[in-house]
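Encoded as structure tokens, the structure appears first; notes follow it.
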Amino acid sequence: MSTVRLTVGQAAVRFLAQQRSERDGTEHRLIEGCFGIFGHGNIAGIGQALMEAQLDGPAALPYYQGRNEQAMVHAAAAFARMRNRLSTFACTSSIGPGATNMVTGAALATINRLPVLLLPGDVFATRVADPVLQQLEHGAYRDASVNDAFRPVSRYFDRVLRPEQLPDALLGAMQVLCDPAGTGAVTVCLAQDVQAEAFDWPEALFRPRVWHVDRPLPDAAALARATTAIRSSHRPLIVAGGGVIYSEATDALRALVEATGVPVAETQAGKGCLAFDHPQSVGAIGATGTTAANSLARDADLVVGIGTRWSDFTTASRTAFAFPRVRFVNCNIARPDAAKHSGTALVGDARASLGLLARHLDGWQVAAEYREEYGRLAGQWDASVERAYRLGHRPLPAQSEVIGVVNEVSGPRDVVVCAAGSMPGDLHKLWRTRDPKGYHVEYGYSCMGYEVAGGLGAKMACPDREVYVMVGDGSYLMMAQELVTAVQEGVKLTVVLVNNHGFASIGALSETVGAPRFGTWYRRRDEASGRLDGEVLPLDFVANAQSLGVTAWRAHTTEDLRAALVKAKSVAGPALVEIETDPFVPAPDSGSWWDVAVAEVSHVDATAQARKSYEAAKENQRNYW
Ligand SMILES: Cc1ncc(C[n+]2csc(CCOP(=O)(O)OP(=O)(O)O)c2C)c(N)n1
Ligand SMILES: [Mg+2]
């Protein structure tokens, strides 16, 4: 057996450069590159190896410098999302804080079912110099390190303490990255001394390797049960989730619903499955849904979930589906999701399953009155969107008008990126999506700070599309520093910063729980009151962005915004437009609810009132056992 002598770091990098994924006959590079921030935990191992790879040329594993380890993981997750989970990035960190910074990113990736490969450094395997800088000394568990925090948020976790362990650790990691039912954060911790240790590796470890992503078919008997359920329904509704997009099943979905007339409502991850103006599209569903989808959901006798994990926002905290004998059919690649709500489980790939369903439903259609009803409801919602886009609110515009301008200035294939605040809900309701990859709102973890980093990853995945990052002032202040990475890499992003002087979404939420606007404004502490109700904080976001090398403008009106966005199109690197909005103008009401518990006892009147409304709303909540 011929061998090659390399360090663990060099072997890992050489291995990762050779991995490919394949679906439908097309191959992709599985690990596009490696984001990294170095410290003593990885500089001599993975760091040294990446440097050597750079010397070998572009075919090796390209290195990208991040500003914050959490943001690197967000960029990797966004990249994987745009590439339908067939390609991703590795992220290397030092030990200690660099590693734990990645834990939030890991949770986001796992919850959104997005593959990311995390390579945190870990403490010395030999322990001779313990405790090393940044080492946790756990009193009881001698083998614990801070990296154990990755376990619950990873779909795969391993710790390499000897070189011999590396091949199995990496091969197992690739398998999970490429498994659509099991993917998420894949964490391989590499002890810092072991990373630099040499070993004689079999050459075969570094041969090019293709990981086939197959399209499992649902069981024939389950398919027959699903077909019977659909054929006997009168008011069926499809709820399309992210799985439809990842499986590249949007054409199959469109063919099925054009043939049968079943209307389609979309989750946050599934928005874009159908173009907003498709005759079978009824838009967003759930707590941030359209009145059309929510009205149909209320009376649906059969709900067909495809590639959705039924989050509380989708089910309006289990109040959306009110028909007493409502049944579910769930098509999902992941068995636990397919089994939810006592549904008929179609465990399989979305595209393959939709093709089979279409064949089994041949000749069957919904009634003409039902088509007429949902067409009318969708038309009414569209008129609400049109009004919300053109409120002409003064002196400050409403957020819905900002969404309207960005939607109109952007091209049909362009991508809107968002994650937290009041914007995701408003975008879910109001954004007119024209392309399956045009809507990128991270709402599994709804992580403030994802926006800019996610925009970076999205643009790296799709350089031929413009990427519009919609971000609140709160999220921007939490983590905008990947703008520097965008400047460094010459990556074009257009950031629309909506400034409403604080956490407007939580402000609105606080009103519903009876804690009016507490802790949600960006104001100085007032000396007299001792509270945070002094002057508005003097934040200058334009100056802030400019100081990072970003081209930036302040828009005072929606017309200014439109003009700035047009100018931004010809800017080479990242651009930012700040616009102040009125936080008190909500998007059109979805006629829906979200379960956020209210204090059961309080001496505040507003809270007692809120608790009463909460208890009344909970009466509508049900399980689908
Ligand atoms: C990391 C993180 N911390 C806290 C939250 C809870 N949270 C959700 S939205 C929000 C405020 C967001 O403020 P901003 O970005 O300005 O958007 P706005 O609410 O004003 O629309 C907070 C604190 C979160 N989602 N993520
Ligand atoms: Mg805000």
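All figures in this text were calculated on a predicted structure; none of them were measured in a lab. In each ligand, atom 1 is the first atom listed, and ligand 1 is the first ligand listed.
- Without hydrogens or angle criteria, E401 side chain to A398 main chain gives a donor-acceptor distance under 3.5 Å.
- A salt bridge links E511 and R517; the closest N-O separation between the charged side-chain nitrogens and carboxylate oxygens is under 4.0 Å.
- Distances from the Mg ion (ligand 2) under 2.8 Å pick out these protein N/O/S atoms: D473 OD1, N500 OD1, G502 O.
- Using the six-membered ring where Trp is involved, Y450 and H440 have ring planes that are parallel, under 30° apart on the 30 and 60° scheme.
- Remark: side-chain polar atoms of S547 are paired, donor with acceptor, to backbone N or O of N544 under 3.5 angstrom.
- When side chains are defined from C-beta on, M460 counts as touching L456, because their heavy atoms get closer than 4.5 Å.
- Taking the side chain as every heavy atom from C-beta outward, Q399 and V585 never approach each other to under 4.5 Å.
- Between F89 and F35, the ring-plane angle classifies as tilted under the 30° and 60° cut-offs.
- Salt bridge status for D337 with R113: present, with a side-chain N to carboxylate O gap under 4.0 Å.
- When heavy-atom distances to ligand 1 are checked against 4.0 Å, the residues falling inside are G421, S422, S446, M448, G472, D473, G474, S475, M478, N500, G502, F503, A504, S505, I506, ordered by chain and number.
- Here the side chain of S317 pairs no donor or acceptor atom with the backbone of W594 at under 3.5 angstrom.
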